[in-house]
Amino acid sequence: MSQKYDYAKIEAKWQKYWEEHNTFHADNDYSKPKFYALVEFPYPSGQGLHIGHPRPYTAMDIVARKRRLEGYNVLFPMGWDAFGLPTENFAIKNKIHPALVTEKNVAHFKEQLKAIGLSFDWDREVNTTDPNYFKWTQWIFLQLFKHGLAYKKEMAVNWCTSCKVVLANEEVVGGCCERCGGEVVRKVKSQWMLKITEYAQKLIDDLAEVDYFDRIKTTQINWIGRSEGAEVDFETTTGDTLTVYTTRPDTLFGATYMVIAPEHPMIGKWADQLTNMDEIRAYQEKAAKKSDFDRTEMNKDKTGVKLEGVKAVNPVNGQEIPIFISDYVLMSYGTGAIMAVPAHDERDWEFAKVFGIPMVEVVAGGNIEEAAFTDCATGVMVNSGFLTGLSVEDAKVKIKDWLEETGKGHRKVNFKLRDWVFSRQRYWGEPIPLVNCEKCGWVAIPEEELPLTLPEVESYMPTDNGESPLSTLESFINTTCPCCGGPAKRETDTMPQWAGSSWYFLRYCDPHNDKELASKEALNYWMPVDWYNGGMEHTTLHLLYSRFWNKFLYDIGAVTTKEPYMKRTSHGMILGENGEKMSKSRGNVINPDDIIRQYGADTLRMYEMFVGDFEKAAPWSTNSIKGCKRFLDRVWALQDMLTNGDAYRPELESAFHKTIRKVSEDIESLKFNTAIAAMMALVNDIYVTGSINRAELRTLTVLLNPFAPHLTEEIYEANGFGGVLNEQKWPVYDEALCVDETVEIVVQICGKVKTKLNVPAGAAQADVLAQAKADPKIAALLEGKQLIKEIYVQNKLVNFVVK
RNA sequence: GCGCCUGUGGUGGAAUUGGCAGACACGUUGGAUUUAGGUUCCAAUGUCGCAAGAUAUGCAGGUUCAAGUCCUGUCAGGCGCACCA
């Protein structure tokens, strides 16, 4: 052997072999047990692959390769989430069609992914910008529309002044655009909305049926934000009704004023009766200019204006109470109006202090002069009419019953989750397949006309008034109504990037189907995804959206499972060498092409898995990667020490069984770093013996194969183990052989280690204690002391407690 | 402010139900091989100490025969949410 480990040659050879033999193609052979491993498909940016991409891809590649060796029919697909702003912006700047930009970027990404030796089934590649794909994205939208889950709404939206695009709430981070960091302002626009709120309860409930990391579940539950309370109707002196939502109806006797959102519609209605309308208008204008972020920024100083001329009546005691407008009440949550109980709500307390409003204590136990008493678990009701003397919990039930009996209110569940703003005034997205007819209103285009493709336009720039570039194209806009045949205009907005990624996992099951999004047979066999790994940052966006779409499609019978993903895990980021996030501006970017050239793909894979806890962020280290290269060099060099032998040698037998067990278990629990450490330790043990036999080398190559597929295939073939490695069986271990024959027992005196003994595994307590006491060093230390206690832990330690 | 998570050598990180802290690497030091650099191999490597030994998991307490692990308090860092009534 004695040849150098020529990774470049070996990797090119096996990548070619896999491609030519279509090795990783997932058959639609429905008789075999299946395993569907999924990684988030990338956005093919112009910069090419980031060094962070291979981390989750390699991890799931390891799982997929292990499953194949275990006899599963494995679906491990890849595709491109290719609509989106960076491509469009590049197209605008360079006056080139975004489809061409996308094509070029995809080709580059694909080449880079193949160079890592990932076992994707490239026959099932999907691309969200391919009309054969987005035909079905549009089809799904039409079903949502037909089922009343898509609707158009005039609303204040988040507008990124830099991208010139509407953002979903989820895309606004700290008052700035998630993508470009530009300023986000409020703007009133007519938008397509998807009623994700209709599925809020199911999205919470069905988390019980899936295996996600706890923090992923918690984040989703918090984001959906369910709360239980009541809606209460307050009469006003104008004869109107003002409905509020509250989670504390038990404190109704303590409501001393009301607050409504500055944009509350009642204000317009009461304009004639309000004597301080100028002041109110000024406050409304000030509030309208602020984004949601600005409104939350100033949460310390409560501001507001009292409505002079209108009062509300507390339904429990008939008391007239003032109404204020204040921007601490949001129109978008609940009813846009609250009953304020300053004694038992911090915000109301602060507001009442500013405006000198009286407080009424209705739950005993706090000091309302100092602070609002909000701890509801322990309190007893006071000053509360028929609720007085009850516990808070009982009072909640009683008041809700009372509200429902008297018709003054009712139980109500609310969610923080808002409906999904689905329109984008952009070119590079799926056109929304609807037309607007003067007579018939919004009408779906016939399904047989799908896909509705993007027309060629002069400029991809949004117009100055924020409309889509498509809005300037008369030939696209003007059409006929599918319903009445009269003149109609097409919707010119496109879908957000989230659309295509909300169902791609379904398309992988049957990617070339032109009759339906995927056949029932294929879905029935492959779905749900058995293991989905992706970024933590997608927990409230992509994960929620795609679960929503899948649930809707399930309800209309288009898919076969209620939940799309059985198991969801998340990986940590790869940081720069300085521990900061990698970015061009910080100058700490590592290019995967360079690493592969210098060390090889197998080393890159090993290092990305060895770098640290898979779930945590880890800084890149150019020094540490050498350790992985060294390990693979050592594995390669084992071939020079090869001897015959068809069984593990006795001195290594236990080590082999233990390592197989460790690697098998660690892969399942994402502990790739310790799996690799175990293999390194095994190789070190082998080196100590000075040789390796054929049985041992064969097992080692299979075990290491998911991590370093090229190197192991080459060793396997070069030594004539028979067949190709990827068609072999995952090694098995014998639990009985994982146990050592003798164990080292620690002997402590008063918890301090004094000596160690070698005893047979499972030795009897009495024997071990006797042997410990007989040890000269221990005997000397016990001499003249009173033995109070003897602790014995099987196969672990002995502890003598003395006085 | 609220919620969740994390604090272990010079560095990345390991440590079943509480049971030898520092696996596995990186780096460093010394040695061997080499004309030299690189590679490879051997040895050492938490801290203090010649040694015996002592001491050590952010800090301060507590429970226990025994604590990185459990409890209380506290500090630092990270993530999420952020006036959600």
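Letters A, B, ... mirror the listed sequences (proteins, then strands); counts begin at 1. Keep in mind it's a predicted model, so treat the numbers as computed, not measured. Keep in mind that the numbers below use all heavy atoms, side chains included, and drop hydrogens, waters and symmetry copies.
- Because its glycosidic torsion is more than 90° from 0, B:G13 is reported here as anti.
- In this structure, A:Lys626 does not reach the B:C26 phosphate: none of its side-chain N or O atoms is under 4.0 Å from OP1 or OP2.
- Between A:Lys752 and B:U55, a side-chain N or O to OP1/OP2 separation shorter than 4.0 Å is present.
- Nearest-nucleotide positions on RNA chain B place A:Thr219 closer to the 5' end than the other of A:Thr335 and A:Thr219.
- Proximity of the aromatic rings of A:Tyr599 and A:Tyr607 is defined here by a centroid distance below 6.0 angstrom, and this criterion is not met.
- Rounded to whole Å, the distance from CD on A:Glu350 to P on B:G1 is 13 Å.
- Listed pair A:Arg630 / B:U40 meets the phosphate criterion, a side-chain N or O lying under 4.0 Å from OP1 or OP2.
- Checked against B:A85, B:G12, B:G27, the side chain of A:Asn623 finds its nearest nucleotide in B:G27.
- Looking at RNA chain B, the stems built from 3 or more consecutive Watson-Crick or G-U wobble pairs, each pair with its key distances under 3.5 Å, are B:1-7 with B:75-81, B:10-12 with B:24-26, B:27-32 with B:40-45, B:46-48 with B:53-55, B:58-62 with B:70-74.
- The side-chain heavy atoms of A:Thr246 and A:Ile338, taken from C-beta on, include no pair separated by under 4.5 Å.
- Backbone-only contact: A:Asp613 has heavy atoms under 4.0 Å from sugar-phosphate atoms and none from a base.
- Picking from B:C65, B:A85, B:G27 the nucleotide with the shortest atom distance to the side chain of A:Val801 gives B:C65.
- Not a single donor-acceptor contact under 3.5 angstrom links the side-chain atoms of A:Lys416 to the base of B:C81.
- Using a cutoff of 4.0 Å between basic side-chain nitrogens and carboxylate oxygens, A:Glu790 and A:Lys773 are scored as salt-bridged.
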Notebook entry, point to check: What string of B, S and - do you get for nucleotides 16-24 of chain B, 5' to 3', if B is base contact, S is sugar-phosphate-only contact and - is no contact with any protein heavy atom under 4.0 Å?
Noted result: -B-BB--BB

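- For the C1' atom pair drawn from B:A82 and B:C59, the interatomic distance equals 30 Å after rounding to whole Å.
- Inter-residue side-chain proximity for A:Thr539 and A:Trp223 is flagged as unmet; no heavy-atom pair is nearer than 4.5 Å.
- Residue A:Tyr607 contributes atom OH, which lies 15 Å from atom P of B:A25 at whole-angstrom precision.
- Residues A:Asp348 and A:Tyr257 share a closest heavy-atom pair of O-OH, 3.0 Å.
- For the pair A:Glu665 and A:Lys671, the salt-bridge criterion is not met [side-chain N within less than 4.0 Å of a carboxylate O].
- A salt bridge is absent between A:Lys4 and A:Asp6; no separation between the charged side-chain nitrogens and carboxylate oxygens falls under 4.0 Å.
- Distances shorter than 4.0 Å separate none of the side-chain N or O atoms of A:Arg215 from OP1 or OP2 on B:G3.
- A donor-acceptor contact closer than 3.5 angstrom links the side chains of A:Ser227 and A:Tyr333.
- Salt-bridge annotation for A:Glu40 and A:Arg568: present, with a side-chain N of the basic residue lying under 4.0 Å from a carboxylate O of the acidic one.
- Comparing B:U57 with B:G9, their P atoms sit 9 Å apart, to the nearest whole Å.
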